[in-house]
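The figures that follow rest on heavy atoms only: side chains count, while hydrogens, waters and symmetry mates do not.
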Amino acid sequence: MKTKSFLTLLQEPVCGKCYKKKSLCPYSCNHPKCKTCGKFCGARVNPCPYGGKHPKCSVCGKLKENCAYKGNHPKCNACGQLKENCTYRGNHPQCTTCGKLCGASSNACPYDGSHPKCNACGQVKDNCAYRGNHPQCSTCGKLCGASSNACPYGGKHPKPSVAYEGRDKVYTIDGVKFKMIAVAGGTFTMGATSEQQYPFDDEKPTHTVTLSEYYIGETEVTQELWAAVMGDNPSWFTGNIQRPVENVSWDDCQTFIRKLNELTGANFRLPTEAEWEYAARGGRNSRGYLYSGSSNIGDVAWYWDNASETTHPVKTKSPNELGIYDMTGNVREWCQGWYGPYSSSSQTNPTGPRTGSYRVSRGGSWCDDARRCRSAYRYCGTPGLRYTNIGLRLSLFSLT
């Protein structure tokens, strides 16, 4: 190839776009137009600044001149992501609980602003004294430190106490007091004695019973006492915790007594049928009344004619000769033994039949007529029977 002479080069026409000699113009004077901006590539007049290859934004894929950030998208200082990809658009909220930023990449709130709450006390688990795992009180079964239905003593119930009033014992459990009346031992005639009008056949034959000393509850077990021991109230008739507990089976009573004995270290039980009747008749102080404490039932009992089809708070009628209340009426009371026929032979500290199908209950109730409220009247039911007219009264085996 021959080299053009200098003279020839001077005389060569110039490219109108780049002003270079035609032979030196890379596009042979036919500069292409940029498809993006429409300007000529490699030109000196109105040229495409990128030679037809406009740079693109690596983030959004747009041409940098069309990118809102000119290819330099801002990042979130909290999480390090691009602001448009950041959940909070670069404005992470501060957790109101721990004060840290939600969704941050470091030193962030671990719960993204929604700290879990304790189901028992309602506090954030971080602030809950038990970290959301409230212990159950071993005494009442309720949760310690809960916001509702909680153990009132934080799992540390005061120890039950016992004090004496004369020969009687007064127990205190969780602030609930109940008295056990001392019943001196003695001998009495059990069953359908002469004052027991219109007796039923199972009250016969009468027989002589000798009993050792024991304690028996001044009142029927109240709803307040049951709840203090068991943590619940199964009664149908509520509204006053001094009403007798009812709707409890013989089996339920055994559970209650076992727990009561664990709390007190005593040996509570249900009275035997003989103990119940002896106390109902007034023990050594008996005046031979038809009912427990009077021959006028209205003085000592809530029964069908005056109870208005409901139980009533204990100790709202007169006591019997021993200072015991409601052994006639209000609710029937479970006894410890099995139900069975009487024998005419004399007995000492009888406990009833060894086996049976029904447990004895005594005393009549709010839904019984006067005949069924007599001190000698007997009733029975299966150990699992619950009804709104059956409760219990406590007994202690001896005075020691």
If you draw a 6.0 Å radius around CG in Asn285, do more than 12 non-hydrogen atoms from other residues or ligands fall strictly inside? yes

To the closest 0.5 Å, what do you measure between CD1 (Ile297) and CG (Asp368)? 9.0 Å

Does Glu277 use its side chain to pair, donor to acceptor, with the backbone of Gly191 at less than 3.5 Å? yes

With a sphere of 6.0 Å drawn around NZ of Lys70, does it hold more than 12 non-hydrogen atoms of other residues, nucleotides or ligands? yes

Is Phe397 close to Asn349 at the side-chain level, that is, under 4.5 Å between some pair of heavy atoms? no

Considering all heavy atoms, the nearest Val300-Ser294 contact: CG1-CB, 3.8 Å

Taking atom NZ as the centre, does Lys20 end up with more than 12 heavy-atom neighbours from other residues, nucleotides or ligands that are less than 6.0 angstrom away? no

With a 4.5 Å heavy-atom cut-off, do Gln347 and His207 have their side chains touching? yes

Going through the checks in order, is the side-chain hydrogen bond (donor to acceptor under 3.5 Å, both in side chains) test met by Glu224 and Thr222? CA-CA 5 Å; Glu224 180 184 36; Thr222 63; 4.6 Å; no

Might you work through the side chain to side chain contact (heavy atoms under 4.5 Å, CB included) test for His31 and Cys25, ending with a clear yes or no? CA-CA 9 Å; His31 289 250; Cys25 173; 3.2 Å; yes

CD (Gln197) and CG (Leu290) are apart, to the nearest 0.5 Å, by 5.0 Å

Residue among Ser114, Cys98, Pro93 satisfying side chain to side chain contact (heavy atoms under 4.5 Å, CB included) with Cys109: Cys98

Please find the pair of heavy atoms, one from Val183 and one from Tyr278, that lie closest to each other, and give the distance. CG1-CE2, 3.7 Å

Quick one: do Leu396 and Val170 end up in the same hydrophobic cluster if we chain Ile, Leu, Val, Met, Phe, Trp and Tyr together by side-chain heavy atoms under 4.5 Å apart? no

Could you tell me which non-hydrogen atom of Arg386 sits nearest to which non-hydrogen atom of Val248, and how far apart they are? CG-C, 4.0 Å

Under 3.5 Å, side chain of Thr187 to main-chain N/O of Thr210, donor-acceptor pair present? no

Trp338 vs Tyr358, test: ring pair (Phe, Tyr, Trp, His ring centres under 6.0 Å). Steps then yes/no. CA-CA 6 Å; Trp338 294 105; Tyr358 302 95; 8.7 Å; no

Looking at Glu218 and Lys169, is there a salt bridge between them, counting it only when a charged N and a carboxylate O are closer than 4.0 Å? no

In the structure I gave you, are the side-chain heavy atoms of Ile324 and Ile216 within less than 4.5 Å of one another anywhere? yes

Begin from the C-alpha positions of Arg362 and Glu275 and carry the test salt bridge (Lys or Arg N to Asp or Glu O under 4.0 Å) through to its verdict. CA-CA 11 Å; Arg362 299 292 295 264; Glu275 287 172 343; over 6 Å; no

Run the side-chain hydrogen bond (donor to acceptor under 3.5 Å, both in side chains) check on Ser235 and Asn247 step by step: do they pass? CA-CA 5 Å; Ser235 303; Asn247 201 33; over 6 Å; no

For the pair Tyr171 and Phe178, name the ring-plane relationship: parallel under 30°, tilted 30 to 60°, perpendicular over 60°. parallel

Asp369 (side chain) donor-acceptor with Arg372 (main chain) under 3.5 angstrom: yes

Positive for side-chain hydrogen bond (donor to acceptor under 3.5 Å, both in side chains) with His115, one of Thr96, Asn127, Asp126, Thr97: Asp126

Short question: side chain of Gln196, backbone of Ala376 - any donor-acceptor pair under 3.5 Å? yes

Considering only heavy atoms from C-beta outward, does the side chain of Val209 approach that of Pro350 to under 4.5 Å? yes

Do side-chain atoms of Asn306 reach the backbone of Ala301 as a donor and acceptor pair under 3.5 angstrom? yes

So, do Phe237 and Trp366 have ring centers that fall under 6.0 Å from each other? yes

Can you tell me if Ser286 uses its side chain to pair, donor with acceptor, with the backbone of Arg281 under 3.5 Å? yes

Do Asp299 and Tyr289 come within less than 4.5 Å of each other through their side chains, counting heavy atoms only? no

Is there a side-chain contact between Cys48 and Phe40 in this structure, where contact means two heavy atoms from C-beta onward sitting under 4.5 Å apart? no

Would you find a donor on one side and an acceptor on the other, under 3.5 Å apart, between the side chain of Asn91 and the backbone of Tyr88? no

Arg332 charged N/C atom sitting above Tyr379 aromatic ring, 6.0 Å / 45°: yes

Residues Glu12, Lys21: salt bridge by 4.0 Å N-O rule: no

What I'd like to find out is whether the side chain of Asp112 reaches to under 4.5 Å of the side chain of Cys95, using heavy atoms alone. no

Distance under 6.0 Å and angle within 45° of the ring axis: does Arg371 meet both against Phe200? yes

Between Asp326 and Lys315, is there a donor-acceptor pair closer than 3.5 Å when you use the side chain of the first and the backbone of the second? yes

Test side chain to side chain contact (heavy atoms under 4.5 Å, CB included) on Glu309 and Cys367 and set out the steps. CA-CA 6 Å; Glu309 301 184 25; Cys367 63; over 6 Å; no

Separation between OH of Tyr50 and CG of Leu63, rounded to the nearest 0.5 Å: 9.5 Å

Tell me whether Arg378 is salt-bridged to Glu203, with the criterion being a basic N under 4.0 Å from an acidic carboxylate O. no

So does Cys41 get a backbone contact from the side chain of Lys33, meaning a donor-acceptor N/O pair under 3.5 Å? no

Show, in sequence, the C-alpha distance, side-chain angles and deciding distance for Ser395 and Trp276, and conclude whether the side-chain hydrogen bond (donor to acceptor under 3.5 Å, both in side chains) test is met. CA-CA 9 Å; Ser395 177; Trp276 189 95; over 6 Å; no

Inter-residue atom distance Arg393.CZ - Cys253.SG, 0.5 Å rounding: 12.5 Å

Do the side chains of Gln336 and Thr351 get nearer than 4.5 Å, heavy atoms only? no

Please determine if Glu321 and Arg287 form a salt bridge, counting it only when a charged side-chain N lies under 4.0 Å from a carboxylate O. no

Output, in order, the C-alpha distance, side-chain angles, deciding distance and verdict of side-chain hydrogen bond (donor to acceptor under 3.5 Å, both in side chains) for Asn330 and Tyr325. CA-CA 10 Å; Asn330 220 358; Tyr325 293 84; over 6 Å; no

Which residues pass the side-chain contact (heavy atoms from CB on, under 4.5 Å) test with Cys79, sequence neighbours left out? Cys76, Gln81, Cys86, His92

Minimum heavy-atom separation for Pro55 and Glu65, please, with both atom names. O-OE1, 4.4 Å

Compare every heavy atom of Asn233 with every heavy atom of Gln223, then report the nearest pair and how far apart it is. OE1-ND2, 2.9 Å

Using modelled atom types only, decide if a donor and an acceptor are shared between the side chain of Arg359 and the backbone of Tyr339 within a distance under 3.5 Å. no

So how far is it from Asn119 CG to Lys125 NZ, rounded to the nearest 0.5 Å? 6.5 Å

If you round to the nearest 0.5 Å, how far is CG of Asp168 from CE of Met180? 10.0 Å

Looking only at heavy atoms, the pair that brings Cys144 and Tyr130 closest together is O-CE1, 3.6 Å

